[in-house]
Amino acid sequence: MNSYKIALIIEEMDQSYQSSILNGIAAAASEFSLNISVFVSFSGSINQAHAKGEFNIFNLPDFNDFDGAILLTNTLARQSVTNDILERIKAAGIPAVSIDNDIPYLYHVGIDNRAAMRRIAEHLINVHHFTKFAYISGPEDNPESVDRLSAFLEVLEEKDLNISEEYIYFGNFRAPSGREAVEHFLSLGKELPEAIICANDVMASSAINRLMDEGLYVPRDIAVTGFDNTYNTQNYQVEITSVDRPLALSGRIACKMLSNHFRNIAQERSVILNMSPHFTESCGCSHNANDNIKAFKEQNYCNYMRIESSQDFMSETNKLSVELLGTDSFENYIAILKEFTQKIAAEEFYFCLCESWLSESGIDSAASGTTENAESLNTYSDEILVPIAYSNGKFHDVDKIKRRDILPAVANNGRSGKLYYHIPLHFGERCFGYMVIYNSPMPLHSSMFESFCISLSNTLENIRKVISLEYAIKRLKRLYARDTFSGIYNRNGFVQATADVYNDCVANQRDIMLMFIDLDGLKKINDTYGHSVGDKAICCVADVLVKSCTNGEIFCRFGGDEFIVFAADATETEADALTKLIADNISELNASGVNPFTLSASTGYVITKPQEGEDIFNFVTEADKVMYAEKKKKKLSKYLKA
């Protein structure tokens, strides 16, 4: 059977709902010969720039390069992101399965949210005789959230019961929503409801904890129900009344539907799975703990092992963060990360960076006041650097790959059933790249892994800033040492460049030559052609010196239209030869006719042995005197072309 390449889109896989579905998909991937690339974002942050950076991972896959897709669009926080993904999948023409959200032109695996919520509401009314309710919903635009709320309201209407709008709280399916909803209900200053119905278990558990903080016990003072029956995999104080849904089975069926499509096996477009309410402690139903002692022991053991594993992981990642933040070079950064790669025992690990992740050009753009390339820094580059490629127990040398390849060639070993997790690396909107993990004991489906990913991205930003700062300092030093007008050394640069050799000449009584050069007739050039042409004349002298001084001489623009040249161990013959070469190169430039003026310069030099305490600029005055005597000999009747 052929192995098929599948893209899976999901957000916040640290939630029990997502984790359970992923486990089902992972178990089925090998059975149906699928290799699955999971593109994951953690965008729960209220920081909009961070959220954009996370969502960028969904722009990485080119769906034309995949055989199919599995989507959990109900986990995505932004509809615009969902719409873009759906449009790209439609354009690629590949089969896709949507889990829970029913998208008409895709295969669908779901549940009857309405029927399940009706069972919960009817139970609370018919069995417990509750009449006063509060409701904690998911997002207003989430299809599952809408179905569950409308079913609850439908039952209330049938029973001639009402609920005030202020007792309906719209959350986001995450734990903080449950706590915030209870705080909202308490702030109303009215009689509390008899029961709070929650659209999922995560919000229900958080609501229970917040109620108990206020001294309100569940179910004695108030009943609480959940949905999805995922919270039984976590610690809880009371067993939550919920709806048991086959999340892992949803993942398996999604894989099977794609397999059927590839094998041309006829099937229904949509599969609706059965759900069964689980009425227990939190709504007031009886609970016999003795019946569940074995299950509790197993759960406690699982929690213990999970905590122990998490503590080990946290310890290693904390050490990693400290070491990475302390490094001052990218080479050391990668070396430290490679050590960590071996410690986490992932079967495969790829650290992939955009070519522009460092982008020293951004410093130049900022210095010049432009925003050139700013947009390119927020997207994946066409070619991706791979400083770490680890598989089969060893590191592979991979220079770069094409963006559309996503994984280096060493990952393609012919096996099927792989589940690769693709995690974004970014700082705010700035895209650094992504990392890929396959078969690792790391607690990937946990908030600690999210924290690790954020920390890793932050350390990348730190080393980027360190490297960029070093680059900026070098650039500033260059600006400090260079004449920004002509491009050659200024006085500061001249002093720095000559310091060591000049000091050695002093110490060892070696000869030095100091030549002074003055541009002739600059005022006449300025008066005739304007200062911009006069500026060009100055630059022409600088260019002549660059062309002439090729034997280790050091030269600079001394100021205005004056230049100096320094050389160690120069003889009179060599100094005369340099003087002639400068004059010849000026004549050659004039003969080219590129300028409206005739360039002319006067030179003078001194050769001497410098003594202790004598500054190099002491000899400029002597050379200037020689130059001035030379200038007086010239006939300055005409410097300009007729």
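More than 12 heavy atoms of other residues, nucleotides or ligands shown are found within 6.0 angstrom of CZ on Phe617. Residue Asp397 places its CG atom among 12 or fewer non-hydrogen atoms of other residues, nucleotides or ligands, all under 6.0 Å distant.
Checked against salt bridge (charged side-chain N to carboxylate O under 4.0 Å, His left out), Glu323 has no partners two or more places apart in sequence or in another chain. Residues passing the side-chain contact (heavy atoms from CB on, under 4.5 Å) test with Cys352, sequence neighbours excluded: Tyr350, Ile384, Val386, Tyr434. By the side-chain hydrogen bond (donor to acceptor under 3.5 Å, both in side chains) test, Ser455 is found to be paired with Ser321, residues two or more places apart in sequence or in another chain being considered. Among residues two or more places apart in sequence or in another chain, the side-chain hydrogen bond (donor to acceptor under 3.5 Å, both in side chains) test is passed with Asn551 by none. For Asn332, the side-chain contact (heavy atoms from CB on, under 4.5 Å) criterion is met by Thr327, Asp328, Ser329, not counting sequence neighbours.
Atom OG1 of Thr82 and atom CZ of Phe55 lie 8.0 Å apart (nearest 0.5 Å). Note: Ser37 OG to Leu60 CG = 9.0 Å, rounded to the nearest 0.5 Å. Interatomic distance, Ile36 CD1 to Tyr420 OH, rounded to the nearest 0.5 Å: 12.0 Å. If you take CD1 on Ile564 and CZ on Phe566, they are separated by 10.0 Å, rounding to the nearest 0.5 Å. If you take NZ on Lys631 and OG1 on Thr603, they are separated by 10.0 Å, rounding to the nearest 0.5 Å. Note that OG of Ser602 and CD of Glu630 are 6.5 Å apart. Values are rounded to the nearest 0.5 Å.
Within the structure, ring pair (Phe, Tyr, Trp, His ring centres under 6.0 Å) contacts touching residues 571-593 (residues at least two apart or in different chains) do not occur. Among residues at least two apart or in separate chains, salt bridge (charged side-chain N to carboxylate O under 4.0 Å, His left out) pairs with a member in residues 331-346 are Glu316-Lys343. Within the structure, the side chain to side chain donor-acceptor pair (under 3.5 Å) test picks out the following pairs touching residues 610-627 (sequence neighbours left out): Gln509-Gln611. Pairs passing the salt bridge (charged side-chain N to carboxylate O under 4.0 Å, His left out) check and including a residue from residues 482-502, sequence neighbours excluded, read Asp483-Arg557. Annotation: ring pair (Phe, Tyr, Trp, His ring centres under 6.0 Å) contacts involving residues 319-339, sequence neighbours excluded, comprise Phe330-Trp357. Sorted pairs that involve residues 437-449 and meet salt bridge (charged side-chain N to carboxylate O under 4.0 Å, His left out), not counting sequence neighbours, are lacking altogether. The salt bridge (charged side-chain N to carboxylate O under 4.0 Å, His left out) analysis of residues 576-605, with sequence neighbours excluded, yields the pairs Lys547-Glu588, Lys580-Asp584.
Using a cut-off of 4.0 Å between Lys/Arg side-chain N and Asp/Glu carboxylate O, Arg403 and Asp382 are scored as not salt-bridged. Under a 4.0 Å N-O distance rule, the pair Glu461/Arg430 does not qualify as a salt bridge. For the pair Asp65 and Lys5, the salt-bridge criterion is not met [side-chain N within less than 4.0 Å of a carboxylate O].
Residues Ala389 and Val398 share a closest heavy-atom pair of CB-CG2, 3.8 Å. Considering all non-hydrogen atoms of both residues, Ile401 and Pro408 come closest at CG2-CA, 3.8 Å. The two atoms that bring Val40 and Tyr421 nearest to each other are CG2-CD2, 4.1 Å, heavy atoms only. Residue Met515 comes nearest to Leu578 through the heavy atom pair CE-CD2, 4.0 Å, listed as atom of the first residue, atom of the second, then distance. Taking every heavy atom of both residues into account, Ala51 and Arg78 meet most closely at CB-NH2, 3.6 Å. Scanning all heavy atoms of the two residues, the minimum distance from Asn56 to Asn378 falls at ND2-O, 3.1 Å.
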(message) The test is side chain to side chain donor-acceptor pair (under 3.5 Å); show your working for Asn585 and Ser548 and say whether it passes.
(response) CA-CA 7 Å; Asn585 285 330; Ser548 305; 2.7 Å; yes
(request) Could you please spell out the steps behind the side chain to side chain donor-acceptor pair (under 3.5 Å) verdict for Gln496 and Asn492? (result) CA-CA 6 Å; Gln496 292 176 14; Asn492 294 322; over 6 Å; no
(message) side chain to side chain contact (heavy atoms under 4.5 Å, CB included), that's the test. Do Phe563 and Ile538 meet it? Break it down for me.
(response) CA-CA 10 Å; Phe563 301 82; Ile538 293 173; 3.8 Å; yes
(request) Would you sort out whether Glu54 and His426 count as a side chain to side chain donor-acceptor pair (under 3.5 Å), showing the intermediate values? (result) CA-CA 7 Å; Glu54 286 288 322; His426 66 100; 2.8 Å; yes
(request) Could you give me the CA-CA distance, side-chain angles and deciding distance for Phe432 and Cys354, then say whether side chain to side chain contact (heavy atoms under 4.5 Å, CB included) is met? (result) CA-CA 6 Å; Phe432 292 150; Cys354 298; over 6 Å; no
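Taking the six-membered ring for Trp and thresholds of 30 and 60 degrees, Tyr390 and Phe395 have ring planes inclined between 30 and 60 degrees apart.
Using a 4.5 Å heavy-atom cutoff, the side chains of Ser457 and Phe427 are not in contact. Contact of the Leu599 side chain with the Phe597 side chain is registered, since non-hydrogen atoms from C-beta on lie closer than 4.5 Å. Contact check for Ile57 versus Ile423: no side-chain heavy atoms found under the 4.5 Å cut-off. Taking 4.5 Å as the limit, every side-chain heavy atom of Asn35 sits out of range of all side-chain heavy atoms of Phe66. A heavy-atom distance below 4.5 Å is not found between the side chains of Phe39 and Leu8. Residues Leu456 and Leu324 form a side-chain contact, since some pair of their non-hydrogen atoms from C-beta on lies under 4.5 Å apart. Considering only heavy atoms from C-beta on, Phe494 comes within 4.5 Å of Ile616 through its side chain. At least one side-chain heavy atom of Val565 sits under 4.5 Å from a side-chain heavy atom of Met513.
No donor-acceptor pair closer than 3.5 Å links the side chain of Asn462 to the backbone N or O of Asn458. With hydrogens and angles ignored, the 3.5 Å screen pairs a side-chain donor or acceptor of Gln18 with a backbone N or O of Glu11. Side-chain atoms of Lys418 come within 3.5 Å of backbone atoms of Ala411 as a donor-acceptor pair (strictly under, hydrogens ignored). Judged by distance alone, with hydrogens and angles left aside, the side-chain atoms of Thr608 form no donor-acceptor pair with the main-chain N or O of Pro610 at under 3.5 Å. At distances below 3.5 Å, not a single donor-acceptor pair connects side-chain atoms of Asp84 with backbone N or O atoms of Ser80. Here the side chain of His422 pairs no donor or acceptor atom with the backbone of Met435 at under 3.5 angstrom. Between the Asn490 side chain and the Tyr480 main chain, a donor and an acceptor come within less than 3.5 Å of each other.
Taking the ring centroids of Phe452 and Phe340, they lie under the 6.0 Å cut-off.
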